[in-house]
Structure formats: C-alpha cells, structure tokens
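The figures here come from the full heavy-atom set of this structure, side chains too, leaving out hydrogens, waters and symmetry mates. Below, read A as the first sequence line, B as the second, and so on, with proteins coming before strands; counting in each chain starts at 1.
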Amino acid sequence: MGNLRTKDLSKIGYHNDQLRSLVIGIASKNYKHHSKQQLLDLLVQIKNDPESFLGDELAGKIAEKVIGKVAGPSFKTYDLMDEASPCKIYGGKHIESSAKKQMELATLLPVSVQGALMPDAHMGFGLPIGGVLATHNAVIPYAVGMDIGCRMALTIIDETDGFLRRSEYQIKQALKNWTHFGMEGSLEVRQEHEVLDSPVFGQIPFLKPLRGKAVKQLGTSGGGNHFVEFGEIELAENNSLGLPAKKYTALLSHSGSRGLGAAIAKHYTQVAINTCKLPRHAQQLAWLDMDSEAGQEYWLTMTLAGDYARACHQRIHANLLKALGLKALRVVENHHNFAWKDTLADGRQVIIHRKGATPAHQGELGIIPGSMTTPAYLVMGKGIEGALYSASHGAGRAMSRQKAKDSMTVSAMKKMLSAAGVKLIGGTVEENPQAYKDIETVIEAQHALVDIQGKFLPRIVRMNKE
DNA sequence: ATGTCC
C-alpha cells in the first residue's frame, strides 16, 4: 500500500479526524496488498454506499463510522452573487489593484454582507491583508489569516523618555535575555500562563499533540515583521488613557499565535476548502457554517489561538518589566487577525473578519505600527460603520520580501537606522523601512476612522534574524 | 505567518 495521508482522505470527502485515524489504522494493518488507488477507490465506494458494507468485517467498521459521524453529502457547492455587497475603500490611490480585486471577489460571496478595505492593503491568500469582511452566519478561515490572533501590545511605563538613554545597555541585555524569535527554540526560563490549562486542548483531538509546542513557545515572538521594541511615546492632550500629555518610555510588541495558531488555521482552511465548493478563483474564500460542527470547532480553536497570542505578549511584557524593574501605567492591546461577532447599525448580526485590520469601534483604542524607524500610532476608533469599525494594522508593505532583499543592502540599512537613532538587534533587510508604505500617508488616509492619541518612536528594536 | 509535507 502506498502511504495514505490525511490529505488524500480529505480529497475524497473524509474530513472527520476520528474517521481518518480509523481508516489509516485499518489500512496500514489490513490492506497492505492494496495499491493506494485501490484503497482510495474502496473508500469512495464505502463513502457513497456505506450500508452495503456493514456486513464486511473491516470495511464495515469504516462504514459504521461514516454513517454515524459524517452522514449526508460531504460538501456543498455555491455560486457567487450577481451583485456585490457594499464595500468602502480607504486610501485607494495607494492600494494595488490585485488587492482591490481580491476584496471585490469576497463581497460576491453569498454569505457576504459588507466589506471594507484599509489603506495599508496588499494581496494575500483569499482575503487581502487589510481586508475586512462581514458575513452572515459563516466564518472564513482565510479571512482571518494564517497567524490567528496576530496582535499588538503597548505598555506605557512609569518613566520619562530619559530612561531609554540612561539604560540602553540594560535594555539591550533584557531584550536578548527575555525575548526569543524564530521557529526553533524557546526562552530559557519555562513560562507559565493559565491559557495552557484551557480545556480546549483536551476537547479537540488534533490539538493534543500541539500543546507541547505551545508550552515551549509561550512568551516568544515569530519572524517576519514581528518585533519587540522599547521606545518613547508622546501622549496627546486629553487622551482617553487619562495620563498627562507628555513623553513616556513604552514597550511595544507585535506577535501572533506561533505554531499553535498556524496548525489551527491550516487544519480548518483545509476543512473549509473541502466542504464548501466555490468557483475556482474564489475557492480560497471557502467558509464554515457557524451552525456546523466544524464552524463551532473553528470558533473555539480560533479563540484559543487568540488567547494564546495574548498570553505570549503578556509574558513578554511581564518578563521585560521585571528584568528592568519597571512599572506599567497602562496597557493597550488589540488583535488584528481575527473574527468577531458584531452588530450593524440596522441590527443585523454579523461575523466581522479582520485580516490585518485594527478594531476601531467608537472609543476603542488600538495600535498601528509603522516600521523599525518610523512612528507607531496610538489611535482611538470613531466607530465608522462603512469601515466596519476598523482601521489599518500598519503602514502596509510597499515591496514584496524578495524585492526588499534585492533593493536594500545591510550597510545601507545600518545607515538608515543610525540616521533615525534606532538600535536594532537581529532583523533583516526584508523588513527595512523602505519596504513599507509611508505611515503618515496611511494614517492620513484614515483620519475619518480614528483619532490620534499618541505617537510612539522606536529606539531599541529586536526582530528575528535571517 | 509557520514543525515552510503526518
């Protein structure tokens, strides 16, 4: 027998994890002399007419499971709508047309209620980065993104900006000792957080083997554009934090749900693509019905990934503050890759997906970072429904990673950092400031969506190396 | 973004 993978089984409509484990178990022990194709043919026959296999010793076991757990058709087929649901675009002048096309396609889904495109938008899988989509009773894994719960956290510290100059060496040491980037490895000190005790790890079978990695990766950061940085923040007059308008030292982090969230995203993206059949060019926008078992499971595990991402930031901030003997005055944090249940002004209940977009309900605080040498903004939402209560999640990439590599040298980047007075630990030319759109332009394009409450300037930045 | 193919 050729090696039978869960992927092969998904293709022929075997989506249930328990069912797939059963099939692989039986196949490896009892169908050794079948070719992979013979076996798949048999499995298709069982799927199509399980009743006729109930008398069979081995196939009967699979047939029973098919009848019990996954009765009915294994997928549904849908067409796009003739007319798109409404979609406002902010800062459209600076958005590539491919991202706009992706957004348009999303608003043609039969489950689509309304869309919005943020000024930092660029092309992604399924929904563009910077895309916001409200749906009716459906959740689209690719409209949340691969890094579920990717988020920002800002701690405003009880120190003036003078602390950054006085304690540069200690801050660098603390960043080296208490942050960890990249796929491999972990912090040296084992981290603890209540999220690791979540019953969801026990409820969803495929999460069980992921918990060990989640324990190891707690309090770490990812790669790419993720960072942990100290800088100064100048708060505006009458800011909603209730703090005096002056400069403070602040800690800002950008990170997500690591391997745990990636595995969850991957799993349910596959389930959605296998069970919700759309015209080919829209297939990546496959959804899970919120009333289905898979939809409920995605919601549960997406929430766990979001909580885990939050826990990572909490550990990062707690570790660094403790190492440096600092006290937090305020914390502002927000997911920017996630889905929420929300209500539109006319009372319609919707699922709002934000894939690289900051929640910006009336009075809601959020953080919009620029790049390693440019400001991040502390913003307060104005609750604009046309934007689905959202704002951008950053400046947005102006260049692909490859283009950024080709157009910038290490020494030119060092000069840029030095001119900006920013110290960088790790990092790559792929994340050089010129690879990003101008944050001031992007902020200006969404002045109708958010008010500026503070301006943060990075000073000592740590990012992933290579 | 990511145990970049269970």
- Query: For A:Gly256, which contact category applies under a 4.0 Å heavy-atom criterion: base, sugar-phosphate, or nothing?
  - Reply: nothing
- Message: Any base atoms under 4.0 Å from A:Gly261, or only sugar-phosphate, or nothing? Heavy atoms, all strands.
- Response: nothing
In whole angstroms, how far is the [atom2] atom of [N] from the [atom1] atom of [X]?
X: A:Asn337; N: B:dT2; atom1: CG; atom2: P; answer: 11 Å
X: A:Ile264; N: B:dG3; atom1: CD1; atom2: P; answer: 12 Å
X: A:Lys11; N: B:dC5; atom1: NZ; atom2: P; answer: 14 Å
X: A:Gln270; N: B:dC6; atom1: CD; atom2: P; answer: 11 Å
X: A:Lys213; N: B:dT2; atom1: NZ; atom2: C1'; answer: 10 Å
X: A:Ile24; N: B:dC6; atom1: CD1; atom2: C1'; answer: 8 Å
X: A:Leu210; N: B:dG3; atom1: CG; atom2: C1'; answer: 10 Å
X: A:Glu184; N: B:dG3; atom1: CD; atom2: P; answer: 8 Å

- Verify, without hydrogens or angle tests, whether A:His353 (side chain) and A:Leu133 (backbone) share a donor-acceptor contact under 3.5 angstrom. yes
- Please test A:Phe338 against A:Ile352 for side chain to side chain contact (heavy atoms under 4.5 Å, CB included), starting from the C-alpha separation and ending with a verdict. CA-CA 8 Å; A:Phe338 211 64; A:Ile352 296 187; over 6 Å; no
- Item | Identified side-chain hydrogen bond (donor to acceptor under 3.5 Å, both in side chains) partner of A:Arg151 from the options A:His336, A:Glu333, A:His393 | A:Glu333
- Whichever of A:Gly224 and A:Met183 has the more 5' nearest nucleotide on DNA chain B, that residue is A:Gly224
- Hey, which of these two, A:Asp147 or A:Lys266, hits DNA chain B nearer its 5' end, going by closest nucleotide? A:Asp147
- Query: Is the ring centre of A:Phe206 less than 6.0 Å from the ring centre of A:His267?
  - Reply: yes
- Query: Within the pair A:Gln217 and B:dG3, is there a side-chain N or O less than 4.0 Å away from OP1 or OP2?
  - Reply: yes
- Query: Does A:Arg5 have a side-chain nitrogen or oxygen under 4.0 Å from the phosphate oxygens OP1 or OP2 of B:dC5?
  - Reply: no
- Nearest 0.5 Å, what's the CG-OG1 distance between A:Leu457 and A:Thr373? 10.0 Å
